[in-house]
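Notes follow the structure.
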Amino acid sequence: MSLRQMPAVRRAGRTFTFLAIAIATVLAGCTIAREYFAPKITREHITEVRYLDQGWTAQDRELFYTTPQGTELQGLHYRWLTALELPFSRDPLASADNLRGWGFIVDSGGSSTESEAGLHPVGMGRHLNNEDNTERLDLGCALCHTGELHYRGTALRVDGGQAIHGISTSAPGEFIVALNAAAIETFINPRKWARFADRVAGDDPVARKQLKQDLKRYLGEVWKFSRGPGQSTLFPTPEGRGRTDAVGRIGNVVFGYNLGIEENYKIANAPVSYPFLWDIWRFDWVQYTGFTNQAMARNVGESLGVMAPVKLVDERGALLPEGEFGQSTIDVEGMQCIETTLRKLKPPKWPQDVLGEIDIARARQGKALFADQCAHCHGPHESAPYAWPVAGGPEQNPAQQGSVNWQWDMAGQISYDEENHPVREDWRESLWALPWIDIAVIGTDPTAARNYLNHTYDPGPLVPPNPDDSDSRRVNAGDGLQLLLNELVPVLYKNRGISSDHNGIADYDGLNVPFRIASKPAYKARPLHGVWATPPFLHNGSVPTIYDLLSPLAVRPTKFGLGHREYNPQKLGYVTDMRPGSFEFDTTLDGNSNSGHLFTDADVAGRIGSRLSERERMALIEYLKVMGNPEFSTALGGDPQNWDRYPAPPASAIGEMACDKYRRNPGNTLVQRQVQP
């Protein structure tokens with residue numbers, strides 16, 4: 001079934017008229033509606049923003065913050081964000097206070113994110129939509145992977161850290177609700193429309209007419225999304241701040257919305273925290289369940305989940321022909337630039353002058369405890385680079401994958417093993433082999449892992465029909481994405497002029513790694529350098545501090561406030577009290593369990609070590625503040641986690657060339673202040 005054949009979409013046009021009338025009535029002055037749409041924001045009192053020393057130059061940071069990846073927010077135009085007013089108000093929607101209060105990170109006073117188009121948060125960039133050549137708002141990597149910790153008026157910027165906004169949350173007063181209510185009111189309120197049009201189109205009558213059409217088209221896209229992958233019934237567990245059900249959303253968008261198969265919509269009740277990104281290029285497998293291994297496939301899949309426009313099927317639901325299939329705003333050059341830049345990123349260093357001095361004697365005790373209790377899972381487990389077996393022809397599948405594109409496999413840099421089988425030799429000097437820990441062993445909330453394995457989709461035209469055995473066609477999210485990306489990514493490369501010449505495809509794929517999928521009922525155990533700067537904890541963010549994570553289950557908070565960024569340097573996590581604008585995290589809901597990863601003497605599921613005394617917990621916390629930081633290695637009596645001893649990333653001239661088109665005038669780059677320990 002194509003998208004246009006879906007009943008909800010056929011009704012979208014006439015339903016939109018009734019929706020506008022209904023909202024016009026509500027917006028006329030209803031007190032309840034005013035309260036519903038009032039922004040739900042936290043209040044922050046920051047006197048200084050400081051950038052932690054993570055090895056980036058100001059230009060590196062600028063590239064990460066602004067480089068587009070081709071995603072769109074239902075086609076919202078870039079300039080509209082700062083031209084819209086709050087519902088029932090003439091105040092700007094995207095004021096610095098509002099954006100910060102919704103959890104976004106705002107740089108002002110000379111940042112390139114502040115331009116003639118107004119102030120935009122870190123990670124909200126722009127790109128040209130190839131349908132009409134208009135400038136669209138782009139949701140970049142930095143939007144969800146940049147963090148801040150606030151302490152006594154100082155904001156510590158954590159590049160590559162975990163965001164705490166709720167951009168995907170459709171709760172009253174949250175950003176996306178306020179944005180769409182503002183857009184609807186602007187469309188139907190003549191006075192609000194006039195002010196908006198003055199800001200965006202000026203006095204040009206042709207431009208104002210086009211603006212009205214564009215705004216109507218945007219609202220139509222919002223309506224279609226709300227009746228498809230954005231319908232509230234799909235999200236029974238509130239995502240809140242700092243989380244999204246990434247795999248669930250990708251599955252619903254790709255297999256339901258993009259392929260136009262309404263029956264493919266699944267309940268997405270497994271929100272996960274945005275993971276931190278330093279050292280990720282060293283991992284052999286990524287994602288919380290460790291289901292994929294390649295940077296480009298991961299990033300293209302993510303961009304589809306964040307609504308990058310892409311053409312896949314026609315009105316009948318058949319794959320589009322060559323030349324039309326894969327037309328998209330997805331920017332693989334931008335993704336390559338971001339990946340190249342992220343390889344330079346180091347873990348954040350604990351700033352003693354802000355968060356307190358390190359007790360070296362206690363940290364030494366913690367080092368021994370970490371080696372005894374934690375390193376067997378979290379490693380890092382260094383490994384020689386892999387020689388990834390690849391398919392050398394159409395009938396070959398040496399890695400036993402659900403699907404293989406042998407031409408893409410062979411488009412990398414190919415070597416041959418002792419038996420003359422083709423392989424791609426990983427370009428890393430060494431890598432980190434991340435162990436999968438079975439959900440029955442780790443005992444943490446299993447919903448994300450089970451949903452990944454058990455939610456199956458009709459792949460539609462990606463697999464030929466089999467009337468005798470329709471169930472055999474169904475695929476989980478990983479295998480389904482592999483079916484699609486095996487076809488889509490090579491098309492994206494071709495459309496951008498990226499070929500195997502000079503190992504171009506090998507480099508864009510990510511260090512000559514072929515695209516693979518693994519399906520295990522498990523979560524990966526990642527190394528913990530800089531983990532002190534990445535609250536909350538566990539994959540679903542259900543434990544607010546490291547102190548709570550090291551404590552018995554009975555004393556872990558069952559409900560806590562999340563949304564403000566005030567840091568607790570004693571417990572290593574956010575302060576947990578409920579404040580205006582906070583989201584209440586409830587660990588009793590599906591997908592939100594705070595169980596597992598337990599240090600206990602009881603024989604229970606999820607036990608990973610002996611019960612820790614209060615003294616031992618505090619010793620581990622003290623070590624985690626500086627674990628791996630080379631400036632503390634001598635004081636610690638040597639640190640096996642010292643990150644200076646790990647090999648540097650391979651140089652990528654191709655990646656640096658990809659960044660050239662996104663580099664800004666040096667006069668506009670961020671002025672950074674490095675925090676010294």
Side-chain angles (χ1 to χ4, degrees), residues 39-52 54 56 58 60-69 71 73 81-82 93-115 118-126 137-151 153-169 174-176 179 240-244 273-278 306 338 341-342 345 348 351 354 530 533-536 541 562-567 574 581-583 669-673 675:
K40 183 181 180 181
I41 58 176
T42 59
R43 297 296 180 187
E44 300 179 342
H45 304 284
I46 299 302
T47 58
E48 180 186 13
V49 177
R50 301 177 67 177
Y51 297 87
L52 295 173
Q54 296 183 253
W56 268 357
D60 291 332
R61 181 176 293 109
E62 177 75 5
L63 283 169
F64 184 63
Y65 286 2
T66 62
T67 298
Q69 58 178 357
T71 59
L73 193 60
L81 181 67
T82 52
L93 173 85
S95 70
D97 285 344
N98 287 344
L99 292 172
R100 289 190 182 103
W102 278 314
F104 300 110
I105 293 175
V106 176
D107 282 322
S108 58
S111 166
S112 65
T113 56
E114 186 174 8
S115 67
L119 188 66
H120 289 73
V122 165
M124 285 193 185
R126 60 183 118 180
L137 186 75
D138 189 284
L139 305 182
C141 186
L143 180 68
C144 298
H145 300 286
T146 307
E148 260 188 10
L149 309 175
H150 296 174
Y151 186 67
T154 297
L156 299 171
R157 183 68 53 81
V158 185
D159 288 322
Q162 296 179 210
I164 203 67
H165 60 66
I167 191 170
S168 62
T169 300
E174 291 289 356
F175 168 76
I176 200 68
L179 172 67
R241 298 283 180 96
R243 304 194 306 167
T244 190
S273 294
Y274 302 115
F276 57 98
L277 300 185
W278 50 84
V306 190
I338 291 169
T341 304
L342 280 172
L345 184 67
V354 178
T534 65
L562 189 63
H564 60 81
R565 292 177 273 216
E566 194 65 23
Y567 189 67
Y574 290 121
S582 292
F583 164 73
T669 56
L670 292 173
V671 178
Q672 68 173 318
R673 178 179 177 181
V675 177

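No experiment lies behind these values; they were computed from the predicted model shown. Worth knowing before you read on, the calculation uses all heavy atoms, side chains too, and leaves out hydrogens, waters and symmetry mates.
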Distance in Å, Leu143 CG paired with Gln69 CD, rounded so as to fall on 0.5 Å steps: 9.5 Å
Closest heavy-atom pair and its distance - Ile46, Ala155: CG2-CB, 3.8 Å
Those residues that, when tested against Ser273, pass side chain to side chain donor-acceptor pair (under 3.5 Å) (two or more places apart): none
Pairwise side-chain contact, Val158 with Phe276, heavy-atom cut-off 4.5 Å (strictly under): no
Candidate pair Leu73 and Leu179, rule side-chain contact (heavy atoms from CB on, under 4.5 Å), full reasoning: CA-CA 11 Å; Leu73 193 60; Leu179 172 67; 3.6 Å; yes
Side-chain donor/acceptor of Asp97 to backbone N/O of Arg43, under 3.5 Å: no
From CE (Met124) to CD1 (Ile105), nearest 0.5 Å: 11.5 Å
Any residue meeting side chain to side chain donor-acceptor pair (under 3.5 Å) with Thr42, in chain and number order, not counting sequence neighbours: none
Which atom of Trp56 lies closest to which atom of Arg61, heavy atoms considered: CE3-CA, 3.8 Å
Identified ring pair (Phe, Tyr, Trp, His ring centres under 6.0 Å) counterpart of His165 within the set Trp102, Tyr274, Phe175: Tyr274
Distance (rounded to the nearest 0.5 Å) between Thr154 OG1 and Leu149 CG: 11.5 Å
Student check: side-chain heavy atoms of Arg100 and Arg565 closer than 4.5 Å: yes
With sequence neighbours excluded, residues passing side chain to side chain donor-acceptor pair (under 3.5 Å) with Glu148: His150, Arg157
Side chains of Phe583 and Ile164 in contact at under 4.5 Å (non-hydrogen atoms): no
Tyr65 versus Ala142, closest heavy-atom pair with distance: CA-CB, 3.8 Å
Heavy-atom side-chain contact between Ser168 and Ile176 under 4.5 Å: no
Side chain proximity check, Asn98 to Phe104, heavy atoms < 4.5 angstrom: no
Test item: Leu81 and Pro121 side chains (from C-beta on) under 4.5 Å apart, heavy atoms: yes
Heavy-atom check, side chain of Pro348 versus side chain of Thr534, under 4.5 Å: no
Smallest separation among heavy atoms of Asp107 and Leu119, with atom names: O-CD1, 3.3 Å
Side-chain touch Asp60/Asp159, heavy atoms, less than 4.5 angstrom: no
Under the side chain to side chain contact (heavy atoms under 4.5 Å, CB included) test, residues paired with Cys141 that sit two or more places apart: Phe64, His145, Leu277, Ile338
Nearest-0.5 Å distance, CD of residue Glu48 to CG of residue Leu156: 8.5 Å
All side chain to side chain contact (heavy atoms under 4.5 Å, CB included) counterparts of Thr169, not counting sequence neighbours: Ala171, Glu174, Glu239
Results of ring pair (Phe, Tyr, Trp, His ring centres under 6.0 Å) for Tyr151 - residues two or more places apart only: none
